[in-house]
Every structure is written in C-alpha cells, then in structure tokens.
Amino acid sequence: MKQIENIPDCGILLFKSCLVSVEYPGIESSTTYVFDKLGIDYLVSDEQSCCTGLGYYFDLFDQMSTTAVAARNFAIARKNGYNNITPMCSTCYAINKEACALLNSNDEVRSNINSVFKQAGLDDLIYEQNSLDEVDNFYHVVELFLSKAKQIGKLNTIDFSGVRVAAHHACHYYKIQSDDMIGNPNHPLLIDTIAKSCGADVVEWYEDKTLTCGAGFSQIHVNRDLSLKVTHAKLESLKEAGVELVLHMCPNCQIQYDRYQPVIEKEYGTKYDFVHMNIGQFVALALGADPEKVCGFQTHSVPLDGFLERIGVSF
Amino acid sequence: MTYVISETLSEYDTPICDTLAETVKKSLRTSDTIGIDRCLQCGACTSSCPAARFTDYNPRTMIKRVMENDMSVIEDETIWNCFYCYTCHLRCPRNNSPTQVVQVLRQMAINKGIGLDRLKVLLEYGDTFAELGVSKIPDLYVGQMEDDFDRRWHEFKNNLDAVRSELGLGPVAVRDSGRGEIRAILEGIGLFERQEKLKQMVESESDTVDKKGQITDEAN
Amino acid sequence: MNHSNDHVGVFICHCGGNISDIIDIRSVKQEIRSDNISTFDCEYLCSNVGQDLIKTSIYKHSLDKVIIGACTPAKHEKLFKKCVEDAQLNASMLEIANLREQCSWVHPNNLATTNKAISLLNGKIKRIQTALPLIPIQIPINPNAMVIGGGIAGINSALNLANNGIHTYLIEKEVTIGGNAAKIGKMFSPEKLAEECSMCSLSPLMNEVGSHPNITLLTYSEVENVNGSAGDFKVTIRKKPRYVKDNCMACGRCSKVCPTYVENDYNCGVKDKKAISMRFAQSVPQVYSIDPDHCIELTGGECGKCRDVCKVDAIDFEQKDEMIELDVGAIVVATGFDEYDASRKPQYGYGIFENVVTQMELARILGVNGPTLGKFARPSDNSMPHNIVMIQCVGSRDEGKSGNKYCSRYCCMAALKHASLIAKKYPDANVTICYIDIRAFGLYENYYRAVQDMGISFVRGRPAEVVQKANHNLVVKIEDTLTQELKEIPADMVVLSSAMEASSGTKQVANILNITLSEDGFVKEKHSKLKPVDTSRDGIFVCGTAQSPKDVTDTIAQSGLAAARTSAFISDKVIRRDPQIAQIERSLCNNCDECLKCPFEAISKDKIGNVDINPLVCNGCGYCTKLCSKGAISIAGYKEEQIMAEIDGVIEKGDVLAFLSREIPYATADNIGNSVAEYPANVKIVQVPTTTIITKAMIEHAFKRGSQAVLLVEEPTDNPVGSFIYPLALENFEQLKGELGKKGARLHFKKAYIPHYRGLAETFISLAQMEDIE
C-alpha cells in the first residue's frame, strides 16, 4: 500500500496530458509553478507521447497497442533518469500503471512488444522486466501536493477562510487500482486535505461525492443526453451542499464540469453559483501565481472573475 | 460463433474460447484475478452504477448473462451505456469487474460489426496519434462541442498557441526523433492492420448515422 | 551390545484361524526354537487366556524378551506392552511381528507364506537382541489452569473447569467480566420464538465466577509474558490500578459526588458515566474503579471528593501496576472479538451521519440499561424512528481491502432478533432488512419464519450508499435484485450489521503465547473438524470468537469443549511421551549445529551451548540422524544396528525390502490385508519412523543379503509429519540413489494414502516380479 511518507519529490517525470494541453494548459503551467516553489525535482519531456487513454476507452485502441506506447514512454523516463511517472490526468495515471503491471507480469506481452521494438530498430526502447515498479514508480500530481500539504499551507498567500470548497476526485485515480490510492477509496480526501491546509472551509461529504463526472469518454459525444444527466445530478448535489469552488484532479472531469455547466444551465433551466479549478491551479494561486499568466483561468468556460475578486485576487 | 475480425491483435482483448466467461477471463483487458465465477448477484454494482441509474443497463444481469454464456448480451445495446467509471469494480465484494467485462463485450461486438457507427468517426484517431503523439478528439465530436460551447471557448481555441506560449508551454505535438517511432510501433503491433479492417467493415455497412454520431434509439 | 544369551519367548497367535489356517504354526515353531528361544502359541493371544499365558510364561521361563507374532501392532501393541510391564519387563523388551495384515491376509496358503512368517519372526528375534530398555518420558503437569478473557466463553470455560475440581485463574483486561454478551440486551430463542433477557442468563454465571472457591478472578489485568511449555507454563500478569481497594462496598456514594462525566464505551460512547464508576450494575467484582485519564485528582488537579465520602476508606490514589506470577499447566484462550469499524465503509455513512448505527449500538439503544434507558430513539434528535433499514454483511463476505472474506455468522440472526424486538414493541415501525443471503442455519430457520410473519420487509441486495436528506433523514440506495428495481428506501435510522473481527486482544495474546493465527486473524485450530479447540501449541486451547466468528450458542458449546479438553489434559497429571524419539550422545557431538535444522524445531541449544532435544516436540521422525555427521543422534528403538539386525533376519535371496514410515504408509500396507488384496510373499516390510533415517549401509546390507529391490514409502504431504518430511525424504532418496551408483536403479520411492491401498499393492507386485538384474 502506498504511504504518504513514501511519496517521492525527486525523479518526477511530469507526464503531459492531451486534454490538459489543448483544453486547460494552465493546469500544466500551474503544476510546474508549484513544483518549482516546493523544490520538486521534475522533468517535462517533449518526447513523451500521450497515454492513448482516450483511444483505449473510446473502444478503439487495444491493450497491446496501449501497452507498447506506454513502454516507449517508460524508456524516455529511464533514459532521462526520471523514473517516477506522475501525470496530471487520472486516466494517464491508471493506463500507465496498468501497462507497467502487465509488462512486469505478462511475459507474452513483454516479449511481443520488445520484439516489435527490435524489428523497428528501436532497441533502446526495450522494456526489462521490473525496471519500473507499478506501485513505487507511479503517482498522481495530487499525491505529491498532498505529501507537501503542510508546506503548501505555510506558503499560502490567500485567505480562503469561509470559502466553501468541495472536491471531485477522479474515478480513474482511486477506483481502478483502489488498493494503491491514499486513503479510503469510498471516501477520498486528498484534495480536501490540501484545500484545508490552505484554510478553506471544505465540504468533505456530499451526496454523490463518488459519482462519476459523466464524461464517460465517448458518452459525452455519443450519448450526450445521458452523459449530461449524470453531470446534472452531480451539479445539483454540489448546489445542495452550497459550495463556491469545486476542485478537480483530471482534465476530462474539468471539461465536463466547467465547459458543460453553462450548457446544463441552459438545457435544464437552472443556475449554478460555483466555479471550477484543478488542484494544481488552486495551489499555484495559493502560492501567489498570476491567475492569467500561470493559472490560465481565461481558458475556462465558467468565468472565475467574481470568485477571484471575492478572495481578493485581481484578475 | 465466427468473428468478422479474427486477426492476431484481437486475440489478446477477445481471445476465442468455448465460453464468454473464458474469453472474459483470458482477455488482456481484465485483471488476472477477476472474480466473475464468484459473483453473488448482490447488485452492489447496479446500485452503484450511473448508467443503471438513468438507463436500462444492469451490470449485475450483464454478468449473469456472461456466466450463462448468453451470446445475445454482445448485441445488447445497453452495454454501450457504461461510463467506464469503475465504481462497480471498486464496490464489488468479490473482486469482479463488470466494467472490465463490458469492455471485452464491446470489443466482441465491434469484431462482429456492431457499434461501427460509433467507431466510424474515430478511424482517423490512430493516424493522428501516430503523427502527433497526442490524442485528438474526432472532428465530428469537436463540431458538437463548437455548437455547445460559448464565445470564451472559441476564442481560446482560436488562440491556443498564443495562450500556450504565454503560459510558457511548448508545442503540443511530440518532438519527432526522426525515427517515426510511434508509427513504427503501432505498425508493428498491428493497430493499423486492424483499423484498416474496421474501415472496410464500415464502408460495407450501409446503415447511416446521424451527423452528430448519436445512436439515436438508445440515448434515453 | 550382545544379548544373544538372553532368553527370548516367541508367542504366536492363531487368531481363530485367521493366521493358523494359512501359516503352518507347528513348522514355524520348530524352525525358530533353539536353546534360548522358547515358543508358545495360543488361539487368541489378545484374550485373557492369551495375556495370562504371556505373563505366566515370562515368570515361569524367566524370559528376558518377548516376540509376539500376531495381528498388526496398530491393533494390540498397547495391550501387549502392558502385559510385559505387568510381568516386570521393560516395554522395549517386546517386538511384534505382523503375521496377519502383512502375511496371512495377503498371501495364499503355501510354503512361501509360512517361510515369510518365519523370516518376519527371525527379523524381530535378531532385532530384539540389540534392544536396550527405554525409560518412558514423563513430565508432571501443574494442576492449575488459566483462562484468558472473561467474556461468555471464558466465563463458561472457567466454571466448567472449576466445577471439575481444577483451580482456575480467570484473567480479564476490563474492570468487570461479562464481555460483549453483557452488552447485547436480549438473546433469541429458536424454540420459544422469543427474545430473552441476556443479563438474566449471564449475571448468575458472573456471580458464580466471583464466588467460586476454585476460581481466582483477576480483572483489569493483562497477560504480560508466558514462558515454559505444556504442563508447566510460567505466566506474568500485569494488574492495573483501579485506585479503589477491594474492600469497596459498591454503595455508589463516590460516583454521586464525582464532578466529572466521561464517555461510556459500554453505552456507545455516550457521556453518561462518572470518572469513578462501575461498568454496569451487575459488574463482577462489585468494585468501583477510577478512570485515570479523566479523574481530576489523578490528572494533577485537586478534588478527592470520592475519598471524602467513602465510608470504608477504599479510595487509594497511590495504587500502582502490580505484577503477578502464576504457574499453570494449561491455558484457554477466550479473548473474544472486536466489532468491525463500519467507518471503513464510508459509503454507508457510519461516523458521518448520526442516525447510522451498528447492531451492537442498536442493542444498547434497545436495552433498558442503555443510553436512552430503553426508549427507542435515534441519536440525532432522540425521536422514535419509524423506518428502520438494516444492512447485512457490512465488512463480511467482502474480498476488498476494507472488508473480511468470511461470513460473520451472527449478524443474520442479530438483525432478525432486533427486527422482532422492534416489531413487537412498536407495531407502527417498518423494518427492512437488506440482505444477500439469510443464513438461519439449522433450527434457527424457525425463528426466521416467525420474524417473516411479523411483516418485516426483506430486500435482496447489497446497497450502494446511504445518503442523508433534510432533518437527518436517510435514504438507502439499493437494487432489489429479485425485481431488478433500483430502490431508494427512506430511513429514519440505518443499522449496519458489522462484521466480527479477531480482537486486538486475541492478536496480542497469540503473539505472547506464540500460537498460530489464521489469515483472517483468528486463533487457528489444530484441525477444523477433529481438533477444533486445540491450538498449534500443546496445552493451549481456544474457544469462542477468538477462534472464529460465532454466536452465543456456539460459543457456549465450544467453551465447554475447551474446558473438557483442558480438564482431560490436566487430569493426566503427567505428560507421557513415546520414548522412541531423538536422543543425543553428547560425547560424540562436535557442535556443528546441523541438527538445529530440525523441521519441527524440536532441537535447540541450551544455556551452556549444548544441543537440547525437546521431548514434547520431537516426534522421532529421524531426519536429524541424517544431519549429524558424527552419528551422535539416534532414534531410540531405531538405531542403525537394530534395523540392520532386522534386515539380517528378514531378507532372503530374491526378496523385495519395503521400508514403510510408521503412520500412513504402514497403515496402508495393513489396509491391503483388511481389503483382502494380495501381493507376493517375497515382499518384506520393515517399519521405520520415516524413511529419512535410511542409510546407504542399510540398503547395501539388504542387497548383500540378496534383496532384488528396496522400496521407500513415505508419509503423504497432507499428513502433519509428511508436510515437513516428504520433501526431505525425497531428497534423501535421490541422494542415496546417486551414492549407490548402478545399484541405485533398484531403489524406489513412493508415498502412500490409506484409501489408495491398491496403488501400494501394485507397486509391491511389480517390484516382486521384476527380474533380478544382477
């Protein structure tokens, strides 16, 4: 089981995410901002590819192809000596962790992929069994923040007291490999703990706390009405809990809440008074980052102007 | 039963076995320790399932049909309602995983030519991925997003590169080492061969899909 | 040592024709009779006439040693040993040749069979010439017993032992005995279909414990350390200070004046108890105690009100921990269970929503001496709940990290009991039980049916979540799997049937006693069917929920059994062990420590560095004899020279020699006889402790005597000895095969199972029929 005291702060490969890159690039710049402030030793590699998670959960990519792409990214991590794969996206986290477990435990998968590397003249990508450990080398950025929650609290520059915050922990972080999450997977509290360390008034339990955001990968595109029903249910429960700020740890969920909140307001004839942020954006803001030039809040669909003003940040 | 696609690659996600349960257990998509044989039919999956809450999908009965080797479950449209949220996987007291099972069933459906209308819009995904090293939401879906989202989003999307550079971020695409690594890997694994087959199947299908890619008869 | 001048008596049994119809006893007698060998025969040696013949012959003919040719030693060895002992001979001066199961019952009536009988007797005659008298191992047993844990299991065990005349120490870590049974309020009766007052049954037993002349009750005490072994345990007890002396009259004045209220864990943590209190009115002993964490005086303040009002001067703020040393012969572990922490399933809201409680808490709420004084009220607002939903299997039948794989056994009946209590007293209330399977085994089904008739709702399914709506009202989300409907059941109160888990005390005590736990954390019994209350260590027994989840009925039954086993153990007064175990000749030992590899951990070094063999642990398997390069260790009764002598007598040219380990393999060979199967008479069996003692010299000796093949038959791996020995025996076999070179081809190895006697017979047949390859 993962222990909070064993979370590393060096050798971190900050694993880039396709949806962060094109939808909320501020998550990445916020995360590196926080890492720099906290003195975390990390690398962002322009050779690293996306994890294929979208293709995989769109039912297009197969397990072997996804695992092969993961093996290539693991080689980049090893080559650079940054072996702790740490995504900002929960699906990247789960996909990579699962791929590593398969490469370690399934000889057929490993030899199949290695022979493809050899045939393509890419011998430097060959994966040696157990060269990465599926438990000890895979983290989500939120876990790093959690391990530094005290330090974050000390460096915090904003008075969050009285700000009603709720967290949406991403399903693929805590439900897939639930034994390896920090805390109880039926009541995740990682984001809550970080927000509390900054003095926020955290709503730890609300109805449907563990309900999916509703994106469902292809569901939002193919089964749009169903997808929005789920998101609507969750937004209603957040409204019931009277929150002002919802914190996220996955770009896919953030799209579903931030981008579709105005859509749901229109289609369901309702109104929500809360805004959305990624935990990286929240911590960066707390540590004094510029809301536009670092956090990239201008890319959000639910405007944060009012909220930022309320907490005394000019935007 | 015979599969339309039976090339090597699908052998890993949907190995041909005597029973559905065997296929599920042997599939690379499911955990080695999956407890499908130990299912108690307790319904913890269904009562936890967002799809079951709003549609006729029932992960418990889906598992029962797989255990009973009821092949018609592959053609059941409700299996396409699963969100892959893994709540059933988390809550199952027997280490079973309906969401992993349904992934295998969907792959078997695709092999039979079911659900191709969904995949149709995705067929360029592999090529884009090979080219850029990033996943890209298919154009058809982007069209829906364009309709749904307001001015703020359009502005941002139109200025993505500028926004990124203001945030100190580099290009989105992977730096090409000159070796065409990702394409070579996917080629070697057989992804393109499989995609080509899927394309052929899509082309020979005459049924139509509405413009937004919706499967209209089961969205509610 | 040569004892060839000793006078040997050979007694042959006809077994009413079972032996004498096949074997020509007259010619056998003729063949083996000599100057110092007298022969006798009898219709039934096991009869009184036969026994008398043996005893009187020993006196009359001044016999030094006795050979009996009769049925398998498994049958009457003890009887015949007693005969020779009655006649003042040492029991090791007796050898039995198996002339029935391994001769007359497996071979036809012909000369070869009679010749085999002669050779079997000759083997024993030669072997007994080398025999030395062995002194039986006897260790005295301390007559006191200790029971750890004063719940209903410990109480019942202690009373059974005490009533059996055994002085018993009962150790309880709380201030009173009673345990969880004192909390549950009501017990159900499957015959009367009614609920009965639990305290009314328990309290008299508790009082009996308190006043029993054979019981020394040590409450507020914990076992600190245990040394020694079965029959002779040295126990250290830590008795914690109550700050109230035993002369307390339990008048209660102190509690009245105490200004400090503390959480009452007896009543689900409600703050209704004073810092000086009794746990409950029926506590035994009737002595108050002070909570040192909350008492003003003991936390450095000034108060002393209790001291001022006490009329018997019982308050003593100066009390300290007291260490008590006890000597006991046997121990009963009755350390009970802990209730599963339901907050590990946050989806059910325990610890988050006030109106989610456990069955144990509901028991307290329904109890007249509970936090609400018998008023059925929910915690949030003290109002009476009308809709009560119970959730079964919370933490049970759950493979996940936050659950337990096993069924907790008690919870279905506890839910039915509480549903019945509520339905009878509050007819307006609606009780719903969410279940996966209702396990009302045996006669409990009658009670289940009666509760069904009361109109309780049953919904089959494991709920997903409990959510809280306005006014602390709850909703249980569930799929009714029988109708496939997703339901949201409204509830004023949700009751979780929390699993039973091994108590922290069980783990702590098991660690101190060095007894094995199961993977679920309960004390593991030696055999689930045949030895359900024996632990992995002799002299230590277990009962109640320390051993596995169970209800009161089963706990009472099992604790009675544990007392009976303990009583039987202590009543023996001495532990007798077969003398045929490892013995060391210290003068030959070079302290190479190889023998410490004993797989049963019977061999260790004593304080001055000498090799020490524990006679209670050693089973005489003989593995150590192979580890010792100096020949310093041997198995009494199975020294190499004794086995060589038997081979000398038994083996003739063309014979197959089968060395059979003494438990399963030897019994399997007997079973061939019992089952009227056959094999050739040139197969000769020599019993050994295990085949690990077989040496190259023994096999070469057999070959020299003309044996065409040698077979080693070992205990199977599912036998307690075989599970350790089989792989070592196989290793020994392979090594011997290698050392024998070409001749190794004539050495064979096999394991045996009693029901699979045919397999062994077939091996005998095929080896006997093999051409002599030399």
Side-chain angles (χ1 to χ4, degrees), chain B residues 25 30-68 70 72-73 76-79 81-102 220, chain C residues 340 342 344-349 389-408 411-412 432-439 458-467 474-489 491 494 496-499:
Chain B
K25 282 187 270 182
T30 57
S31 317
D32 289 346
T33 52
I34 191 166
I36 184 164
D37 299 331
R38 301 193 293 276
C39 173
L40 289 168
Q41 289 288 303
C42 71
C45 47
T46 305
S47 54
S48 302
C49 174
R53 184 159 156 183
F54 294 105
T55 75
D56 289 338
Y57 174 59
N58 185 321
R60 177 180 61 81
T61 53
M62 180 275 295
I63 291 292
K64 190 156 188 281
R65 289 167 73 186
V66 170
M67 290 165 78
E68 288 167 351
D70 173 3
S72 72
V73 69
D76 187 330
E77 290 194 340
T78 66
I79 65 171
N81 292 341
C82 169
F83 284 81
Y84 294 156
C85 76
Y86 283 76
T87 313
C88 53
H89 175 98
L90 170 67
R91 294 257 171 90
C92 177
R94 292 296 213 200
N95 274 336
N96 190 15
S97 178
T99 193
Q100 286 182 343
V101 174
V102 107
N220 297 310
Chain C
Y340 168 82
R344 287 163 68 193
K345 296 271 168 212
Q347 63 266 45
Y348 294 150
V389 179
M390 297 182 179
I391 301 178
Q392 298 304 103
C393 300
V394 177
S396 304
R397 305 184 74 194
D398 183 346
E399 294 179 15
K401 201 173 64 173
S402 63
N404 297 290
K405 288 195 188 81
Y406 52 81
C407 161
S408 289
C411 358
C412 281
T432 304
I433 300 178
C434 304
Y435 71 101
I436 302 171
D437 302 291
I438 292 287
R439 294 187 163 172
F458 291 86
V459 178
R460 189 191 177 280
R462 189 189 274 266
E465 286 165 7
V466 174
V467 298
L474 304 161
V475 166
V476 177
K477 296 187 177 183
I478 186 171
E479 183 200 12
D480 182 337
T481 59
L482 300 180
T483 62
Q484 288 197 38
E485 275 174 284
L486 283 176
K487 286 184 173 163
E488 298 202 344
I489 310 170
V494 168
L496 306 180
S497 294
S498 265

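Within every chain, numbering begins at 1; the chains are lettered A, B, ... in the order of the sequence lines, protein sequences first and strands thereafter.
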query: B:Arg53 versus chain C, heavy atoms under 4.5 Å apart: side chain, backbone, both or neither?
result: both
query: Is C:Arg460 reaching over with its side chain to a backbone N or O of C:Ile436, donor-acceptor style, under 3.5 angstrom?
result: yes
field: Donor-acceptor pair, side chain of B:Asp76 and main chain of B:Thr78, under 3.5 angstrom
entry: yes
query: What residues, two or more places apart in sequence or in another chain, satisfy ring-ring contact (aromatic ring centres under 6.0 Å, His included) together with C:Tyr406?
result: C:Phe522
query: Can any side-chain N or O of B:Gln100 pair as donor or acceptor with the backbone N or O of B:Ser31 at less than 3.5 Å?
result: yes
- line: Of C:Lys487, C:Lys477, C:Gln484, the largest count of non-hydrogen pairs under 4.5 angstrom with chain B goes to C:Gln484
query: Quick one: does C:Cys434's side chain get under 4.5 Å of C:Val389's, heavy atoms only?
result: yes
- prompt: Is B:Arg60 paired with C:Glu479 through a side-chain N to carboxylate O contact shorter than 4.0 Å?
  reply: yes
query: With a 4.0 Å cut-off, would you call B:Asp32 and B:Lys25 a salt bridge?
result: no
query: Using non-hydrogen atoms only, which part of B:Asn58 is less than 4.5 Å away from chain C: side chain, backbone, both, or neither?
result: side chain
Contacts of residues 84-94 of chain B with chain C (heavy atom under 4.5 Å): B:Arg91, B:Pro93, B:Arg94
